[in-house]
A.B. asks: 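A single structure is presented below for examination.
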Amino acid sequence: MRSSTQAVPEHTTIPRHIAIIMDGNGRWAKKRLLPRVMGHKKGLETLEALTASCVRLGVEYLTVFAFSTENWRRPVDEVGFLMNLFLQSLQKRVDKLHKNNLRLKVIGDRSRFAPEIIAGISHAETLTAANTGLTLTIAADYGGRWDILQAVNQAIAAGAREITEASVLPYLSLGAAPEPDLFIRTGGETRISNFLLWQLAYTELYFTDKLWPDFGEPELMQAIQSYQTRERRFGRTSEQLPAEQQRS
Ligand code: IPE
Ligand code: IPE
Ligand code: MG
């Protein structure tokens, strides 16, 4: 991964990498007088549909926040349901991803997951490793601070004498992926909630009140259209940009 603070990434009209905080499942269910977990179930279907939209549009990387390090604080039943949903989708949905040439990756601290989940993740990653289509990365038991610290610790363990961007970059969770071009958060909150703290340094941010289960292709297109109006200067002045990238 090249860092946006070291080099200006290539400019593309369709974001190469989209990162999403899929928020609002609980409120979606509550509005329908359903248990919160039904919102998570619907949210998983939304993710499947949106992944297909991203493939059609030519997005190369989609990274989604499924479970944060802080989400362990939720009621035991809800955490249990989410873990089960994760396991089931690893068992039942990965073959379809593989047939569609997608690459699946999971980032986060695996050590707290049940052994079946850890095995399911390894199987899914190995099965799809050589695929050449969109890379779908699921952030599970993920936290941005955890990510930075684990990368620094790995760099130290590998003998780095000084911690620099270059020494830490290879160990960050998203590895060789370009940094996200567009960040989307559904559900109305305007915070990062400890998602990709390092990698979002120069990402364009987009917040919407739509609840995640209601976020479909038209909403994705709106986010991309907003992205297309942004002038990505990376520290430069507007006049320094190529004419086709200047917005005013
Ligand atoms: C996001 O939806 C999914 C997870 C955090 C797992 P929420 O469950 O946070 O939904 P709201 O914010 O309560 O509506
Ligand atoms: C962020 O959503 C994490 C995921 C979507 C997985 P939360 O709903 O947990 O975020 P906060 O705690 O309200 O910021
Ligand atoms: Mg929430």
Side-chain angles (χ1 to χ4, degrees), residues 17-51 53-54 61-90 92-93 104-114 117 120-121 124 135-150 172-174 177 180 182-200 203 205-216 219-220 223:
H17 186 170
I18 300 181
I20 307 183
I21 297 187
M22 311 182 289
D23 196 17
N25 294 348
R27 280 163 286 164
W28 181 91
K30 202 172 164 193
K31 264 179 33 187
R32 287 162 180 75
L33 306 176
L34 294 167
R36 287 180 55 82
V37 294
M38 294 312 286
H40 297 317
K41 214 169 149 232
K42 184 76 170 71
L44 180 61
E45 288 166 22
T46 301
L47 175 59
E48 265 201 328
L50 210 82
T51 305
S53 300
C54 284
Y61 297 86
L62 176 62
T63 301
V64 296
F65 210 3
F67 192 87
S68 72
T69 48
E70 291 74 24
N71 287 146
W72 292 108
R73 293 183 184 134
R74 294 197 175 193
V76 180
D77 285 358
E78 183 169 340
V79 171
F81 183 93
L82 284 167
M83 290 299 144
N84 235 331
L85 199 62
F86 190 27
L87 180 61
Q88 278 178 19
S89 47
L90 284 168
K92 293 189 187 146
R93 300 184 190 233
L104 185 80
K105 287 188 178 292
V106 177
I107 58 171
D109 180 0
R110 290 181 199 184
S111 65
R112 289 188 275 193
F113 290 139
I117 296 186
I121 294 171
T135 300
L136 173 63
T137 302
I138 312 282
D141 200 358
Y142 178 88
R145 290 186 180 175
W146 167 85
D147 192 1
I148 294 169
L149 292 176
Q150 66 81 28
L172 285 164
S173 287
L174 285 177
L182 172 62
F183 160 95
I184 299 171
R185 181 172 187 147
T186 62
E189 310 295 352
T190 43
R191 53 180 175 248
I192 304 288
S193 298
N194 198 18
F195 195 26
L196 305 159
L197 296 180
W198 178 290
Q199 297 86 346
L200 294 177
T203 302
L205 306 180
Y206 180 85
F207 297 92
T208 168
D209 287 337
K210 276 271 166 191
L211 303 174
W212 174 247
D214 293 328
F215 193 85
E219 288 76 20
L220 175 67

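Counting convention: from 1, in listed order, for ligands and their atoms alike. Side chains are part of it too, since the values below use all heavy atoms of this structure and drop only hydrogens, waters and symmetry mates.
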A.B. asks: May I ask you to identify the nearest protein heavy atom to atom 13 (O) of ligand 2, giving residue, atom name and distance to one decimal place in Å?
C.D. replies: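 That would be R191 NH2, 2.9 Å.
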A.B. asks: Which class fits the ring pair F67 and W72: parallel under 30°, tilted 30 to 60°, perpendicular over 60°?
C.D. replies: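 Because their plane-to-plane angle is over 60°, the rings of F67 and W72 count as perpendicular.
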A.B. asks: For the Mg ion (ligand 3), find the closest N/O/S atom belonging to D23 and write down its atom name.
C.D. replies: OD1
A.B. asks: For Y142 and F65, take the angle between the two ring planes, folded into 0 to 90°, and tell me which bin it lands in: parallel under 30, tilted 30 to 60, perpendicular over 60.
C.D. replies: perpendicular
A.B. asks: Select one of side chain, backbone, both or neither to describe which atoms of R74 lie under 4.0 Å from any atom of ligand 1, heavy atoms only.
C.D. replies: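 Answer for R74: side chain.
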A.B. asks: Which part of A66 is near ligand 1, with near meaning a heavy atom under 4.0 Å away: side chain, backbone, both or neither?
C.D. replies: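 Answer for A66: backbone.
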A.B. asks: Hey, does R36 come in under 3.5 Å of ligand 1, counting only N/O atoms on both sides?
C.D. replies: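 Yes - when backbone and side-chain N and O of R36 are compared with those of ligand 1, one distance drops under 3.5 Å.
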A.B. asks: So is there a nitrogen or oxygen of N71 less than 3.5 Å from a nitrogen or oxygen in ligand 2?
C.D. replies: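 Yes, N71 has an N/O under 3.5 Å of an N/O on ligand 2.
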A.B. asks: Would you please say whether a donor-acceptor pair under 3.5 Å links the side chains of S193 and R185?
C.D. replies: yes
A.B. asks: Going by the order shown, which atoms of ligand 2 are within less than 4.0 Å of some heavy atom of D23?
C.D. replies: 2 (O), 8 (O)
A.B. asks: Measure across L174 and Q199 and return the closest heavy-atom pair with its distance rounded to 0.1 Å.
C.D. replies: CD1-CG, 4.0 Å
A.B. asks: Taking the side chain as everything from C-beta on, heavy atoms only, tell me whether E219 gets closer than 4.5 Å to T208.
C.D. replies: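 No - every pair of side-chain heavy atoms lies 4.5 Å or more apart.
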A.B. asks: Is A139 touching ligand 2 with its side chain, its backbone, both, or neither, if touching means heavy atoms under 4.0 Å apart?
C.D. replies: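 Neither; no heavy atom under 4.0 Å.
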A.B. asks: C54 and L220: which non-hydrogen atoms are nearest, and at how many Å?
C.D. replies: SG-CD2, 4.1 Å
A.B. asks: Check F195 against ligand 2 and report side chain, backbone, both or neither, counting heavy atoms closer than 4.0 Å.
C.D. replies: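 Answer for F195: neither.
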A.B. asks: What are the atoms of ligand 2, with element, lying closer than 4.0 Å to any heavy atom of F67?
C.D. replies: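 Matching atoms, with element in brackets: 6 (C).
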A.B. asks: Side chain, backbone, both or neither: which applies to K30 and ligand 1 if a contact is any heavy-atom pair less than 4.0 Å apart?
C.D. replies: neither
A.B. asks: Side chain or backbone of M22 under 4.0 Å from ligand 1, or both, or neither, by non-hydrogen atoms?
C.D. replies: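 Backbone only.
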A.B. asks: Please report the shortest heavy-atom distance between L211 and R27, naming the atom on each side.
C.D. replies: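 Answer, listing the atom of L211 first, then R27: CD1-C, 4.1 Å.
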A.B. asks: Can you tell me which residue and heavy atom of the protein come closest to atom 10 (O) of ligand 2, and the distance to 0.1 Å?
C.D. replies: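 Result: R185 NH2, 3.3 Å.
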A.B. asks: Taking only heavy atoms of S193, which atoms of ligand 2 are found under 4.0 Å from at least one of them?
C.D. replies: 10 (O), 11 (P), 14 (O)
A.B. asks: Give the atom numbers and elements of ligand 2 that come within less than 4.0 Å of a heavy atom of I21.
C.D. replies: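 Listed by number with element: 1 (C), 5 (C).
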A.B. asks: Would G187 count as a contact of ligand 1 if the rule is a heavy atom under 4.0 Å away?
C.D. replies: no
